[in-house]
Amino acid sequence: MPKHELVLLKNMMQPGYTGSLTDYEKTGGYQALRNTLGKIGPSDVTTMVRQSGLRGRGGAGFPTGVKWGFLPKDYQGPRYLCCNADESEPGTFKDRQLMERDPHQVLEGIVLACYAIGAETAYIYIRGEMVLGSRILEQAIGEARAAGYIGKNILGTGINADVWVHRGAGAYICGEETALLESLEGKRGLPRIKPPFPATHGLYNKPTVVNNVETLANLPHIIKRGPEWFAAIGSPPKSTGTRVFCVSGHVKRPGNYEVPMGVTVRELVYEHAGGMRSDKPIKAFIPGGASAPFLTPAHLDVKLDFEHVAAAGSMLGSGGVTVMEEGTSMVWAALRLMEFFYHESCGKCTPCREGSSWLVQTLRRILAKRGRMEDLETLSDLCKNIAGRTVCAFGDAEVAPIQSTLNHWRQEYVDLINEAEAANLIRPEPVGVRR
Amino acid sequence: MADTATQTVRITIDGMTVHVPKGTLVIEAARRVGVMIPHFCYHPKLKPDANCRMCLVEIEKMPKLQTACSTPADEGMNIRTATTVVDDAHKSVLEFILANHPLDCPVCDQGGKCDLQDFSHQYTASSRFVETKRIFQKEYFSPLIETQMNRCVQCLRCVRYCDEVMDVKALAPVGRGTMTEIKYFGAHPLNCEFCGGCVQICPVGAITSRLSMYEYRPWMLKRADTICGYCGDGCQITVQTKGQELIEVNSAHGAGRNNGDLCARGFFGFHAAVHPDRLTHPLIRRDDVLVRATWEEALEYVAARVGEIKAAHGGQSFGGLISGRCTNEELYLFQKFMRLVLGTNNIDSSARYGHVNGLHAMQLVQGTHRWTVTFDDILDADVLILVGTNITETNPITGLKVKEAVKKRRATLVTIESLEPVVDTISNIANLSQHHFCLPPSEMQNAILGLVKGVVEQNLIQPELAQRHPAYVNAIRSALQQISWQDLQAATGTGPNSFMRAAKVAAGAGRVVILAGQLLLRSEHGYSGCVTLLDLLLLTGKLDQPGCGFAPLAEENNDQGAVEMGTVTEFLPGAGHIANSTDRERIAKHWKAELPTHRGASLIEMLKRANEGSLKAMFIVGENPVGSLPATIRAEQSLRHLDLLVCQELFLTETAALAHVVLPAASSMEKQGTFTNTEGHVQAVRPSIEPVGESRPDWEVFSALSILLNSPMEYAESKDILKEIRGLIPGYGSLGPTPSAQKVDRTAIDRYLAEGYQRDLVTRYRLVKPKSRPDGTLRLDLGQSLFHSGKLSTRSKGLLQVEGSGRLRISPPDAARFALSDGDRVRLSSTSGEMTTEVKIMERIPQGTAWFPYHFGQTAVQLFECAIDPTTQAPSFRTATVSIMKVA
Amino acid sequence: MLIDKYKDEITEILSRYPVKRSALIPLLYVAQRDQGYVSESVMQEIAHLLRLTPPQVYETITFYTMFNLKPMGKFHIQVCKSLMCALVGSDTVIEWIRAKLGIAPGESTVDGLFSFSLVECLAACGTGPMMQINDDYYEQLTEDKLDRILADLRSTGTSRLKSGPFMWPEPVNVKR
Ligand SMILES: Cc1cc2nc3c(=O)[nH]c(=O)nc-3n(C[C@H](O)[C@H](O)[C@H](O)COP(=O)(O)O)c2cc1C
Ligand code: SF4
Ligand code: FES
């Protein structure tokens, strides 16, 4: 018996479950849709979602029902729903599983959200690399359309909701909601300045909601079992429901584990992921994807919910938990992530663009034992000058690894530099041209 | 644009309180109280992009620093721009920018006018960056514009300008992150409108002009603010010189009617004035060759010959032709010279070629000789109707006003143009149009009739007008009944619904401006088209409404001045009519002399008389009838008959080569005066360099000759002439920043409604039969290219790099039909002549039509026939039927 | 011309969006599927189809990493080098491939069979080290598995070792 009741992964855990429409319907799939369309008013659906306490699973954790409430009430033209399936945050691989294994659960959530916000068109923006995922979704859409769950006049209710899969093409930034919209409009994926927010000026400048795959997948369950049921799971009142945590790194059994919010990292790692692979102690972990600051063994009993992780100085983010064992170089780990951010910075904002290249080069130099003590101050200055000074949250994200490793493992930097000073090898190294 | 009273808000900036309209950006509000917030990516013409992060400020109650360039002012905002936090933020952004910026200021053309350099000094910024700088390979970007991407600060102002303002979209930020660079398409050299906007708007030295590379630092140059001498838009330019050398032209944001925007001609065309072929000395024909002479000899020679001819044949034996490129002062003095000193009304100018059609129409219907709207009314219009403008190429800056109205202010655009709406390397106004009617110039009248029919049949006629002038309305109604929708559809290829919809949009709008361009004005139906467009405004009750009006576009920089100065035979200064005794007497009183009263001859008539022998002598100033008129007019033959031909010219043109005396004229870069732009704005022309060689401003010649001919018109400088003009013509008083539009004359409207319309209503309200063309032939139109203006620009080395020769533009289907590819040579032949040229396939050209730039048209004009408008005497020779054959 | 070859597919793609430009990336995929890369002439054709200028297509295509602007090997091997895969041995995988194919990242084999690139996180961090070859993911790589994959590709053009619909841990492993 699983210790916790599974919600999102429940179907797929059944042996032989294929994710087909028939399988999904057998488990009670699309009942929520049948019981809602034309029976519960759209604003009542929004109210239920608000009452459930569901918060976005994409990273920022914004309350979903509240976000929907920002759409203009009296606006006559088209509205759009975008399902954020860009899943590019290093350490995160849950949306891929939700889409490839139980696509109808996501689709039902999408149609319910369309109904609630009055959108007749939804686009699933899936990262380009997930070719299989996009095929599975398209096939599922075909099935659902044939069965009358998607398209014009759904289930004879007169309600329309068309769903299209739109593939990205390799750009992490397109997970950021406004960059996603730009990309969906066929442009470079550069984040837009906010305000105005997508709720009023989104896709094609029309009112738009962007929600993560996992967020949407929760909707059928909330509707079916009621907001109170959902609100009782996890760490109410602010972090309700389950979370699919993606555990990676030096654990025995990495993978996706769905648990109520509020379990500790210790439980996740030692009870679910089978402990550490070589039984070395944990040296560091990231609780919410590459954008979340590193935490230390001292934080192993921090509850994995929005508030507690934030209080510990990191963030729950996308739910990607990466665990590193004793012996891992933190400067190296920070550099690996920094290289990712350097590669993915869209280049719009000066601090993010120039800062990422600068930080990467400096880290490489330190790691190559050509660092200088001043570099440490420069590093932390640069981080300070990037965070909070950019259009989107990428700027805050990219400094997280350096700031947190400098904060918790400064001595590792110092040691490398001391070796450098000893060898007197201070020389810059070219960063090299990408691609 | 509904002018709902804009709400104002009170904000505090560094302790200073300021009231601004709600929504004003903080950066602009700060500017008002003299606080300059540093920035790179912000530009008032562009939508905020907030990418450089330089303009961060503190706003009370907001946790993070905010970008002043994208934050709108809101009631009670308290903004601080000078705290340590803000200062540190600015320094840090500079440090980031400098990280990858090369330290090549000493060899950078932007040195001395670079925002990055300035801010770096201001903040004594430095960078702790010790890593390797990003390096871009140098690439050949284009013959006129160079990029140095290592210097780029990625503000994207160039890209945004090219898209938002120009609608060209030629610049692409390529790649991602720090490695983003501005390119065109792959490794292809830039191909665009070459407006120079990217060069002007780049805050650093990343995009520079190749025409003025590595020459001088800004502080070593002398500047003159003057007016571009090419088209009727009348852009203000700043010409930078070093001695007699022309270094660079640009236009500051906020300057002139162009508000700092320029086109390729203005930005890259400035070298025409210093072309080595400029005439530098007077020439006199001796033993049938032109030989160098002194000014004294030349003027005395002319005066002596004039004296003889006048004594023998009288004033009527003289004729004068002057270019609409001369200053108002010169134009004015020329006609005064012709009328007073020589005693003739035989005067004409380049305005005859088309501009007079619009003016006569306006005079007839609304009693004005000017627009009743300004550029600002174009910006504010709800509906814009463009007829035969090809505005991007002919009047590019007026085109920008149209683009802004449509793109930023949501005006509805109706176009009757000879353009396919396709995306191309230069912008295409038809792409912005909601109601587009694609027709060849000579058939545009049919679409105009379609619109009027749409108005009449949907009962969109202003009720009061129908009541007060039933005869007029009924005449139009019944004339239109004769035109069936079927016939109209057959003639235009467009069904009734499109006309009905466009008519409804126009009639239902508050502010409607109609722009008529050279394609219409210079066509056979130029005049009647204009009158019918004015009917459209009248019928819908717009003609006398504020913000509404009819605006014929002038092709040459001072065509409008040419008419207002009285250099077309029928008009006196101020556009009073020569046949009107009150107008004549008013001028006579000012001049303290009698005016000749005979009806003067217009251009074509003068040539005819010369050929017949009754016209003995001509003064031709800056015009080239031999090179511009079709063979059937036989201009050369006519001019060869003359006893005396005096040409004042910059270059030895085909016409000047026939002259007895050639006098070198100073170009507009070398003289003082005024030009009147297409919207009727009088603007000051100032010299940038000394006259080339011994050339002189044209007015000095008229003045000198008048003295030798004993009817002295003496002026110390051109300003004195302007003073005289001011006394005679309203609108020439102040040369302020905004023009005053004329008001419609209601008595003139009433006169038109009562009887004026009758004269030609029947002929106007008749479908123009599309000319049937035998198989294997094309319709050939002569047109205006964006990269040239008249023939003057073909002396400009910059523009020749973009378009070095005339190429026949044909549509892809026609290219396929005649098995032609780009660059193939073809022979064109018509009943009147033939020529060979290269083809250039362009998708915007409608099928069945070919198009040749008249700037290179010396041989092309031979293919055309000429039709003369019976009312306005405008010669039209822009359309011909040609067969086309590929040659080796 | 792309439009002649894939008329129905292109029409269908265009029908999904109220604004044409949105079809840009989908159409670029059609082009890349056709030729393995996107040529300039195809970019021009797509620009024309969507009423864009070629630079507008170019700025978009160069922003994304998945489009090839020049011909690639028949199999494009992309190994994830991000932290999570690196923690479980992606560097070794990179070395193996370098040794087995004799090419460094950014290069292609002379027979035109393989191109090799390093990429950032592909959302398979729990099953690293991993790589993507053309459309398919290959996860939990070992040296032995890699050999079999390369051999399969050489002989049959595909490999059964590619990932199916993703789930990890698999239900059979779950005995809780
Ligand atoms: C740089 C950046 C990358 C992001 N990537 C993703 C992503 O891959 N998937 C996702 O769902 N949200 C991502 N987000 C969060 C989205 O911006 C947005 O908050 C989310 O899609 C909203 O959905 P939710 O409210 O359901 O979480 C990203 C945000 C940032 C700043
Ligand atoms: S080229 Fe100049 S204007 Fe264009 S983005 Fe770079 S710095 Fe800005
Ligand atoms: S793009 Fe948003 S911070 Fe760089």
Side-chain angles (χ1 to χ4, degrees), chain A residues 1-3 12-15 19 78 87-93 95-97 100-101 121 127-133 136 164 166-172 183-189 204 246-250 253-256 272 290 320 322 324 328 333 336-337 339-340 343-344 346 435, chain C residues 13 16-29 32 50 52 56-57 59-67 78 80-88 106 117 119-128 132 134-137 162-174 176:
Chain A
M1 264 310 283
K3 192 169 156 194
M12 61 183 87
M13 282 295 179
Q14 318 278 311
E87 190 161 66
S88 310
E89 177 86 9
T92 315
F93 45 90
D95 296 341
R96 180 173 164 223
Q97 177 164 330
E100 293 185 2
R101 281 294 173 135
T121 312
R127 65 178 296 176
E129 294 88 343
M130 288 186 193
V131 184
L132 182 63
I136 290 172
W164 305 107
H166 184 99
R167 291 176 61 206
Y172 164 70
S183 179
L184 190 42
E185 291 180 6
K187 303 176 187 157
R188 297 160 61 77
Y204 312 123
C246 319
V247 186
S248 63
H250 296 146
R253 281 201 306 271
N256 283 320
H272 296 271
T322 304
M324 286 156 269
T328 314
R336 274 297 163 118
L337 289 180
E339 283 179 338
F340 167 83
H343 186 257
E344 298 298 339
C346 76
R435 294 219 282 136
Chain C
I13 289 172
R16 296 179 198 167
Y17 307 100
V19 176
K20 278 185 168 190
R21 187 168 181 171
S22 277
L24 178 51
I25 291 179
L27 294 189
L28 290 171
Y29 273 127
Q32 179 146 311
L50 301 181
L52 301 173
Q56 285 178 298
V57 173
E59 64 171 31
T60 302
I61 197 168
T62 56
F63 184 82
Y64 300 94
T65 53
M66 285 181 62
F67 294 114
Q78 303 159 72
C80 171
K81 66 179 258 287
S82 292
L83 173 68
M84 291 71 191
C85 277
L87 287 172
V88 293
S117 312
V119 296
E120 296 293 351
C121 180
L122 292 178
C125 323
T127 40
Q132 177 166 23
N134 298 350
D135 288 351
D136 303 313
Y137 278 26
K162 68 186 176 201
S163 308
F166 172 76
M167 173 141 85
W168 197 257
E170 284 176 317
V172 282
N173 294 350
V174 183
R176 276 181 285 180

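Naming: A, B, ... by sequence-line order, numbering from 1 per chain. What you see is a predicted model, and the numbers here were worked out from it, not measured in a lab.
- For Gly170(A) against Met66(C), the heavy-atom pair with the smallest separation is N-SD, 3.8 Å.
- A distance-only check finds no donor-acceptor pair linking the side chain of Arg253(A) to the backbone of Trp168(C) [under 3.5 Å].
- To the nearest 0.5 Å, the span separating CE on Met13(A) from CD on Glu170(C) amounts to 10.0 Å.
- In this structure, CG in Leu337(A) is found 9.0 Å from CD in Glu120(C), a value given to the nearest 0.5 Å.
- Remark: His166(A) engages Tyr125(A), Tyr17(C) in a ring-ring contact (aromatic ring centres under 6.0 Å, His included) (not counting sequence neighbours).
- Across all their heavy atoms, Thr92(A) and Cys125(C) have their closest contact at N-SG, 3.8 Å.
- Heavy-atom distances place both the backbone and the side chain of Ser163(C) under 4.5 Å from chain A.
- Considering only heavy atoms from C-beta on, Glu129(A) stays 4.5 Å or farther from Gln78(C) through its side chain.
- For Arg101(A), the salt bridge (charged side-chain N to carboxylate O under 4.0 Å, His left out) criterion is met by no residue, not counting sequence neighbours.
- A heavy-atom distance below 4.5 Å is found between the side chains of Phe166(C) and Asn256(A).
- In terms of heavy-atom pairs under 4.5 angstrom with chain C, the leader among Ala171(A), Ala290(A), Gly128(A) is Gly128(A).
- In terms of non-hydrogen atom pairs under 4.5 Å with chain C, the most contact-rich of Ser183(A), Gly320(A), Gly133(A), Pro15(A) is Ser183(A).
- Among Arg127(A), Met12(A), Glu87(A), the residue with the largest count of heavy-atom pairs under 4.5 Å with chain C is Arg127(A).
- Between Arg16(C) and Thr121(A), every side-chain heavy-atom pair lies at or beyond the 4.5 Å cut-off.
- In terms of heavy-atom pairs under 4.5 Å with chain A, the best-connected choice from Leu122(C), Leu24(C), Val88(C) is Leu122(C).
- To the nearest 0.5 Å, the span separating OG1 on Thr65(C) from OH on Tyr172(A) amounts to 14.5 Å.
- In this structure the side chain of Leu87(C) reaches within 4.5 angstrom of the side chain of Met324(A), judged on heavy atoms.
- Contact count against chain C (heavy-atom pairs under 4.5 Å) is highest for Gly168(A) among Cys246(A), Gly168(A), Gly19(A).
- For the pair Leu83(C)/Glu339(A), no side-chain contact is recorded, criterion being any heavy-atom separation below 4.5 Å from C-beta on.
- By the 4.5 Å heavy-atom criterion applied to side chains, Phe63(C) and Lys187(A) are not counted as neighbours.
- Heavy-atom minimum distance, Ser248(A) versus Met84(C): OG-CG, 3.5 Å.
- Between Gly255(A) and Pro169(C), the shortest heavy-atom contact is CA-CD, 3.8 Å.
- The closest side-chain heavy-atom distance from Arg167(A) to Tyr29(C) is below 4.5 Å.
- Contacts between Ile25(C) and chain A at a heavy-atom distance below 4.5 Å involve the side chain alone, from C-beta outward.
- Checking side-chain atoms of Thr60(C) against main-chain N and O of Gly186(A) turns up a donor-acceptor pair under 3.5 Å.
- Interface remark: Glu59(C) contributes backbone and side-chain atoms alike to the contact with chain A (heavy atom separation under 4.5 Å).
- At a threshold of 4.5 Å between non-hydrogen side-chain atoms, the residues Phe93(A) and Cys121(C) do not count as touching.
- Top candidate by heavy-atom pairs under 4.5 Å with chain A, chosen from Ala23(C), Pro18(C), Pro26(C), is Pro18(C).
- Residue contact with chain A, scored on non-hydrogen atoms closer than 4.5 Å, is absent for Lys162(C).
- When all heavy atoms of Phe340(A) and Ser82(C) are compared, the closest pair comes out as CD1-OG, 4.0 Å.
- Interatomic distance, Tyr137(C) OH to Glu100(A) CD, rounded to the nearest 0.5 Å: 8.0 Å.
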